[in-house]
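The structure appears below as structure tokens.
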Amino acid sequence: MCGIVGLFLKNEALQPELGRLTALMLHEMCERGPDSAGFAIYGGGDERAKLVLLSKTGEADFPALGKRLGEALGADVDIETLHDHAILRTNAEGRAARGWIIENAPDVTVLSLGKSIEVFKGVGDPDRVAKDFGLAKRSGTHAIAHTRMATESAITTQGSHPFSTGADTCLVHNGSLSNHNNLREILAAGGERFQTENDSEVAAAYLAHRMAEGDTLNEALEGAIRDLDGFYTFAIGTADGFAVLRDPIACKPAVIAETDDWVAMASEFRAIAPLPGVENAKIWEPEPARIYSWSHAA
Amino acid sequence: MTTDNATRNSNLDLDNLPLRDLNAALQGAEEGGFTVLNPGGAHALACGLDAPVEVTIKGHAGYYCAGMNKHATVTIEGNASTGLAENMMSGTVRVKGNVSQSAGATAHGGLLIIEGDASARCGISLKGAEIVVGGSVGHMSAFMAQAGALVVCGDAGEALGDSIYEARLYVRGTVASLGADCIEKEMRDEHRTQLADLLARAGMDADVADFRRYGSARQLYNFKIDNAY
């Protein structure tokens, strides 16, 4: 199974409510993915690069890592620790910082990189993961979240969704890909840095790679329909956008609801049912191989 | 509550009752009316009923609601998820809202009424049941449908009736595309009579004259006598 949810706010007045509403949606998907969970939340652009780090062992010395990174890149680095995660802010170039950490800190996974995205993950009960990282109190513009029932790789925190490899881009996935090993090699040869064996990370890297090469989100997704083989319902976040895509067979579930105030997607309608104004929402199931996207930039 | 004191118009509240106990109470009843409160999208609600009980679900149902239904009347005052009334044998299932994919899959008998939209694969492998949809149906609906009827008051998605056998499909709106071996067919009196009856039983206000009929061209492998066993 796996459960996925996404909430993209159109009405700015709802921004303080984003985390609370996302937590309600995530709660409804606990049964679909009791193994682990994670969420990405987008809020207010930071001037500096922001990286969210995970200690694989729970014992990483984040302040020491920040100091080493600062010295290596000649940059200012601030660290804010939260359980086994840390938010690192730096005036160094974000991609360079990510590359340095992957290269030099084998006990740390970089969960996200960007100016507005923050990704948090944990193993076990999704409600507890949401509580540990204070999801309900967070504000922002859009969020996506995932509850995982692992099929393709081990139950670990770094194997939980969302996956994010490029700046302010992330993806959650319900399904399984069949050509991810080949695609991972191609993308790695093109300079993408992978941190897990997970198929969904390949999908995230594919989109990030295409967009780094100049594609729009929609163009990258058109490429994904052609180049990704397997079953998928994806919810994708970018700095100012949100998209949903199902494979051409579309057997992994998805439902979308839209009002004047928000767009929501979920694996099942029950996750959308608690949202305010849902009784007047336009509700539909996305068609196979059709890109649905929304943007704040438009 | 227990089976013994299941009486007419009992309320069953899923906030206070485990799902298995609720289903056991419904399955144990011979007759009577039941109202399910706080369904909260739970899966397998009111499955395997085989007596003429009346069940009203006040809210949204999860996967496989009213699966294998026999004799019972189940009404969902909300939306329903994947596999609604799958393999229904008889009785009536009505949904006030929208339903997810594979509604009425492999259903042998009975009447399934969807007042809103149905998504992909509505009536897949239909084996004799009748389905009336007030709105539209998604892609691959009536795939390999063998017997029964599917009425769509709105539009049909891609590949309607792919590899269909003898089921009858009536669509009022547009059909995005027809699947393999599915063609438009003439509406004769017997079809108009059947459609009018189905619309009336479903309580749909629609004019028979606005519908087109689709069915099998009988050109695929299994229709060729040389391929018979």
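By convention in this document, chain letters (A, B, ...) are assigned in the order of the sequence lines, proteins followed by strands, and residues within each chain are numbered from 1.
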Inset, instruction - Would you confirm whether A:E219, through its side chain, and A:T216, through its main-chain N or O, come within 3.5 Å as a donor-acceptor pair? - result: yes

Legend entry - Residue, of A:A273, A:P274, A:A250, A:A271, that accumulates the most heavy atom pairs under 4.5 Å with chain B: A:A250

Legend entry - Centroid separation A:F8 to A:H296 less than 6.0 Å: yes

Inset, instruction - Please check if the side chain of A:D35 supplies one atom and the backbone of A:V123 the other of a donor-acceptor pair under 3.5 Å. - result: no

Legend entry - Ring centroid separation A:F242 to A:H142 under 6.0 Å: no

Legend entry - A:M265 and A:V255, any side-chain heavy atoms less than 4.5 Å apart: no

Legend entry - Heavy-atom closest pair, residues B:F211 and B:A206: CE1-CB, 3.8 Å

Inset, instruction - Below 4.5 Å from any heavy atom of chain B, which atoms of A:I249 appear? Answer side chain, backbone, both or neither. - result: both

Pairs of donor and acceptor atoms under 3.5 Å between chain A and chain B, please, with atom names and distances.
residue, atom, partner, partner atom, Å
A:R32, NH1, B:Y63, OH, 2.7
A:I249, O, B:R121, NH2, 2.4
A:I249, O, B:H139, NE2, 3.4
A:A250, O, B:R121, NH1, 3.2
A:C251, O, B:Q101, NE2, 3.4
A:E268, OE1, B:H43, NE2, 2.9
A:E268, OE2, B:H43, NE2, 3.3
A:R270, NH1, B:G41, O, 3.4
A:E285, OE1, B:S100, OG, 3.3
A:E285, OE1, B:S119, OG, 2.6
A:E285, OE2, B:S100, OG, 2.6

Legend entry - Residue among B:G138, B:G59, B:G40, B:A42 with most heavy-atom pairs under 4.5 Å to chain A: B:G40

Legend entry - Interface residues of residues 131-138 of chain A facing chain B - heavy atom cut-off under 4.5 Å: none

Legend entry - pair B:V151-B:L199: side-chain heavy atoms closer than 4.5 Å: yes

Inset, instruction - Give the intermediate values and the outcome of side-chain contact (heavy atoms from CB on, under 4.5 Å) for residues A:S36 and A:T157. - result: CA-CA 7 Å; A:S36 67; A:T157 301; over 6 Å; no

Legend entry - Min side-chain heavy-atom separation A:K121-A:V119 under 4.5 Å: yes

Inset, instruction - Compute whether any side-chain donor of one residue and acceptor of the other, for A:S200 and A:N198, lie under 3.5 angstrom apart. - result: yes

Inset, instruction - Specify which of B:P39, B:G41, B:G97, B:A80 makes the most heavy-atom pairs with chain A at under 4.5 Å. - result: B:G41

Inset, instruction - Report yes if some heavy atom in the side chain of A:D240 is under 4.5 Å from a heavy atom in the side chain of A:W294; otherwise report no. - result: no

